Amino acid sequence: MPQNFFGVLLSVNAGEAKPVTVQGETIVTAFGKSPMCGAVQVEASGLATDDHVWAANDPDRALLFYQRSYYDIWNSELGRRLPHGAFGENLTFEGPTDDEVLLGDELRIGEARLRVTQPRIPCRKMGAWHGEDFPNRFLRSGRVGFFCRVVQPGLVRAGDKIELLRRGKDGMSMADLTRILYLQRPNLEELSRVLACSMLSTEMRDRAEQLLRRTKRDDAWSGDRALVITARRREAAEVVSFDLADPEGTRLPDFEAGQFLTVTLNVPGTERPVVRAYSLIGRSADGLGYRIGVKRESPPATSPGAPPGVASGYLHAEVKEGAQLLSRSPRGRFVVQPGDRPIALISAGIGITPMLAMLEQLAEREPQRPVFFAHGARSSDDLAFGPHVRRVVTAGDQLRSHLMFSRPGTEDVLGRDFDEAGRLTPAILERTLPSLDADYYICGPADFMADMVNGLIDRGVPEGQVHYEFFGAARPLLGDAAGTETEPGPVAVDADGRPIVVTFARSGISVEWRENTFSLLALAEQAGLSPESDCRTGVCGLCVSRLDDGEVEYVIDPMDDAQPGQVTVCCARPATSVMIDL
C-alpha cells in the first residue's frame with residue numbers, strides 16, 4: 001500500500017442492544033448495526049452511539065473494521081445486497097485485505113488514533129442474522145476483518161481518510177493470525193511465533209496458549225494407556241495417594257501443575273467401565289511417574305447406609321500395588337498463568353491436590369514470585385499432605401502458608417499443626433494477605449468456592465484474576481450462566497424408544513436429554529457445569545471433548561471434523577445415550 005495511506009472510511013455503524021433468541025436462548029446483543037449520519041465520537045470503549053454489550057470491557061475489541069471488497073464478494077455469493085453494518089462492524093472501509101493488515105498497525109481516522117489488535121472471530125450472534133451455519137462459513141472464507149484499540153479518542157465520519165501512522169513491528173498479519181489460530185492444525189513453531197508477538201491481545205494469547213497446551217498434550221499419548229501402581233500411601237483419614245508408572249519403566253511425559261489424569265476403572269459389579277478424573281499431585285517418588293490423590297467419597301446425605309463412591313471406594317478398598325489401570329494423558333486448563341502479580345493458592349478439603357503441584361512448580365520455576373498458600377480442613381486427621389506442604393513452604397523465601405482447622409482434634413496444637421481455628425473465608429484472606437492484588441487459584445467444595453470467588457470480587461479483585469476448578473458437579477459461581485430454555489421440553493428417546501441420557505463422566509452426573517435443548521453444551525450448562533467454550537458454533541474448537549460411549553449428530557457442522565472418539569459439544573446432540581468426558 002502507498003506510504004501513510006491506508007484507506008477511506010465509507011460508513012460509521014452503530015446499533016441498539018436488543019433481546020434476540022439464539023440456539024434456544026434469549027440474549028441481549030447490539031450486533032445489528034446501521035450507518036450513522038455526521039460525525040460520531042470515538043471513545044475508549046468504542047463508538048459513543050453504539051450499545052456496548054459484547055466485549056464491552058475489552059479495550060482490544062473497541063472498534064470492528066470490515067472491508068467493502070469483502071461485501072462485494074458476499075453480495076455475489078449470497079445473491080443479495082447487504083447494507084453496511086450487516087456483519088456487526090462499526091467501521092466499513094475501502095482499504096487493504098486482512099493479509100496486508102498487521103498486528104500493531106497504528107491508524108488515524110479524523111481525530112481518532114487506533115491500533116490494530118486482532119482478527120474478528122465470529123460467534124453465534126452472527127448466526128442469528130445470517131443463519132446458524134454462517135459463522136463457520138464466514139471464518140472459512142478468511143474474510144473476517146479486524147478489531148482496534150482506541151489510542152486517542154476523537155470524532156470520525158464517513159469520507160474520512162485513514163492514515164497509516166506506524167507499521168506493526170511483529171510482522172504478523174491478521175490473515176496469518178486467523179490461519180494459525182483457527183484454520184489449520186496446531187503447529188508448535190507457528191504457535192511459538194504468535195506467542196512471541198509483543199502486541200498480542202489477551203484473547204489471542206489465551207487461544208495460542210490453549211492450542212500449545214493441547215498440542216503438547218497430544219504429543220504425550222493418545223487414547224488409554226496402561227499404568228501400573230507402584231506405591232500407595234494413606235495421606236489422611238479418607239485420602240490415599242497412588243504412584244503410577246509406565247510398566248516398561250520409561251519416564252512419563254511432563255505435565256502442567258493443576259492438570260489431571262482421566263482414568264478408566266473396571267469396577268466389579270458395574271455394567272460398564274467407570275471413568276473418573278484425579279488431579280496430579282506431582283511426580284512419583286522416583287521422578288519417573290505420576291502421583292494422584294483419591295478421597296473416599298461418602299455416601300449421599302439422603303442415603304447414609306449406601307456404599308461410598310463407586311470409583312473411590314474401589315480404589316481405597318481393593319486396588320493394591322502392582323495393579324494396573326487405564327489413563328489418558330494429562331489434561332486440563334486449570335494451570336498457573338504467567339504474570340508478575342503474587343499468587344494465592346486457596347483450597348479446602350481434597351481441593352488441596354492441584355494446589356500441591358502448583359506450589360512445587362512455583363517454588364521451582366518462579367522462586368522470586370510471592371506465593372501464599374491457604375487451606376481449610378477439619379483437623380489434622382483430615383488434612384492430606386500437610387507435612388509435604390510445610391516442607392515446601394519452609395524451603396522457599398517467598399512462600400507463606402495459613403492453615404485453618406474448623407474442628408481441631410484434641411492433639412492438634414495451635415502454632416504447630418495449624419495457624420488458626422475456624423473456616424477459611426475471604427475476610428481472613430483480606431486480613432492475612434499483604435494485598436488483595438494477586439492472582440487467585442481456588443479449588444474445593446462448591447459452597448466454599450462460591451463464598452471465596454464472590455467475596456474476593458466484592459472486595460474489588462477483578463474477575464480475570466480469580467481462577468477456580470470444581471471437583472464433581474460444577475455450578476455457576478457468579479450468576480452469569482449462558483442461559484437456559486424457558487420451559488423444559490419432553491424427554492427425547494432413541495430409536496428403540498428408550499430415554500436418551502447424557503452422562504458427564506468427569507462430574508459423575510447423568511441428565512435426561514430434552515427435545516428442545518440446542519446442544520450438549522447447553523445441557524451441560526443447565527446441569528451446572530461450565531465447560532470451556534467460546535464461539536458456540538463449532539468454530540473455535542475449545543469445547544472438543546472425549547466421547548466415551550454412544551453416538552451424536554450435529555445441528556451445525558463444526559469447523560474441523562471431530563476425530564474418532566471426540567465430540568464438539570457446542571453444536572452436537574445425542575442420537576443415543578452418551579457418555580462425555582466433562
Side-chain angles (χ1 to χ4, degrees), residues 22-25 123-124 127 131-137 139-140 182 185 210 214 217-218 222-224 262 264 271-277 326 328 331 333 473-474 481-485 488-582:
V22 183
Q23 298 180 356
E25 300 171 8
C123 66
R124 61 176 176 162
E132 289 180 346
D133 291 323
F134 190 78
N136 189 317
R137 178 178 178 181
L139 183 56
R140 284 183 184 276
Y182 291 92
R185 291 183 63 83
Q210 161 74 20
R214 182 173 293 179
R217 182 192 74 200
D218 291 343
S222 60
D224 286 318
T262 303
T264 301
E271 294 183 1
R272 62 180 68 188
V274 178
V275 180
R276 292 292 186 269
L326 297 177
R328 294 285 173 118
R331 60 177 64 186
R333 59 189 176 93
T484 59
E485 285 100 2
V491 175
V493 296
D494 61 18
D496 296 323
R498 295 173 298 190
I500 293 178
V501 176
V502 177
T503 298
F504 299 107
R506 185 182 170 203
S507 304
I509 61 176
S510 296
V511 185
E512 291 180 326
W513 175 257
R514 303 274 176 172
E515 289 184 358
N516 63 340
T517 306
F518 181 79
S519 67
L520 288 164
L521 174 61
L523 183 72
E525 291 171 335
Q526 292 167 22
L529 306 182
S530 300
E532 187 172 20
S533 63
D534 187 10
C535 69
R536 307 178 78 89
T537 58
V539 166
C540 70
L542 292 182
C543 71
V544 173
S545 302
R546 195 177 80 194
L547 180 64
D548 291 315
D549 191 30
E551 299 177 2
V552 300
E553 57 191 15
Y554 286 95
V555 63
I556 298 175
D557 289 331
M559 188 78 176
D560 296 315
D561 293 336
Q563 299 298 309
Q566 293 184 333
V567 57
T568 306
V569 298
C570 73
C571 52
R573 295 173 176 171
T576 65
S577 290
V578 297
M579 179 182 290
I580 302 171
D581 184 31
L582 287 175

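What you are looking at is a predicted structure, and each value in this text was computed from that prediction instead of being measured. Index from 1, following the sequence.
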Exercise. How far apart are the closest heavy atoms of Ile556 and Phe518, and which atoms are they?
Worked result: CD1-CZ, 4.0 Å
Problem set entry | Listed partners of Asp494 passing salt bridge (Lys or Arg N to Asp or Glu O under 4.0 Å), at least two apart | Arg498
Problem set entry | Donor-acceptor under 3.5 Å (Ser519 side chain, Thr517 main chain) | no
Problem set entry | Verdict with reasoning, Val552 to Leu547, per side-chain contact (heavy atoms from CB on, under 4.5 Å) | CA-CA 9 Å; Val552 300; Leu547 180 64; 4.3 Å; yes
Exercise. Can you list every pair that meets side-chain hydrogen bond (donor to acceptor under 3.5 Å, both in side chains) and has a residue in residues 568-579, with sequence neighbours left out?
Worked result: none
For this session: Please report the closest heavy-atom contact between Ala575 and Glu553, naming both atoms and the distance.
Result: CB-OE1, 4.3 Å
For this session: Give the minimum heavy-atom separation between Phe504 and Ala527, together with the two atoms involved.
Result: CE1-CB, 4.5 Å
Exercise. Can you check whether Trp513 reaches Val501 side chain to side chain, under 4.5 Å on heavy atoms?
Worked result: no
Exercise. Does the side chain of Thr503 reach to within under 4.5 Å of the side chain of Ile580, using non-hydrogen atoms?
Worked result: no
Seminar exercise, completed: Output for pair (Arg328 CZ, Asp581 CG), nearest 0.5 Å, gives 7.5 Å
Exercise. If you draw a 6.0 Å radius around CD in Glu515, do more than 12 non-hydrogen atoms from other residues or ligands fall strictly inside?
Worked result: yes
Exercise. Do Arg546 and Thr262 touch side chain to side chain, with heavy atoms closer than 4.5 Å?
Worked result: yes
Exercise. Considering all heavy atoms of both residues, which atom of Gly131 and which atom of Pro135 are nearest to each other, and what is their separation?
Worked result: O-CD, 3.5 Å
Exercise. Who passes side-chain hydrogen bond (donor to acceptor under 3.5 Å, both in side chains) against Asp549, sequence neighbours left out?
Worked result: Arg272
Exercise. Who are the salt bridge (Lys or Arg N to Asp or Glu O under 4.0 Å) partners of Arg137, not counting sequence neighbours?
Worked result: Glu77
Exercise. Taking side chain as C-beta onward, heavy atoms only, is Leu521 less than 4.5 Å from Pro531?
Worked result: yes
Problem set entry | Minimal non-hydrogen separation, Ala572 against Tyr554, with atom names | CB-CE2, 3.6 Å
Exercise. Would you say the side chain of Val491 lies within less than 4.5 Å of the side chain of Glu512, judging by non-hydrogen atoms?
Worked result: yes
Problem set entry | Pairing residues for Asp557 by the side-chain hydrogen bond (donor to acceptor under 3.5 Å, both in side chains) criterion, not counting sequence neighbours | none
Exercise. CG/Leu326 to CG/Asp224 distance, rounded to the nearest 0.5 angstrom?
Worked result: 5.0 Å
Problem set entry | ring pair (Phe, Tyr, Trp, His ring centres under 6.0 Å) against Tyr182, all qualifying residues, sequence neighbours excluded | none
Problem set entry | Separation between SG of Cys570 and CZ of Arg124, rounded to the nearest 0.5 Å | 10.0 Å
For this session: Side-chain contact test, heavy atoms from C-beta onward, threshold under 4.5 Å: evaluate it for Val578 versus Glu551 and give yes or no.
Result: no
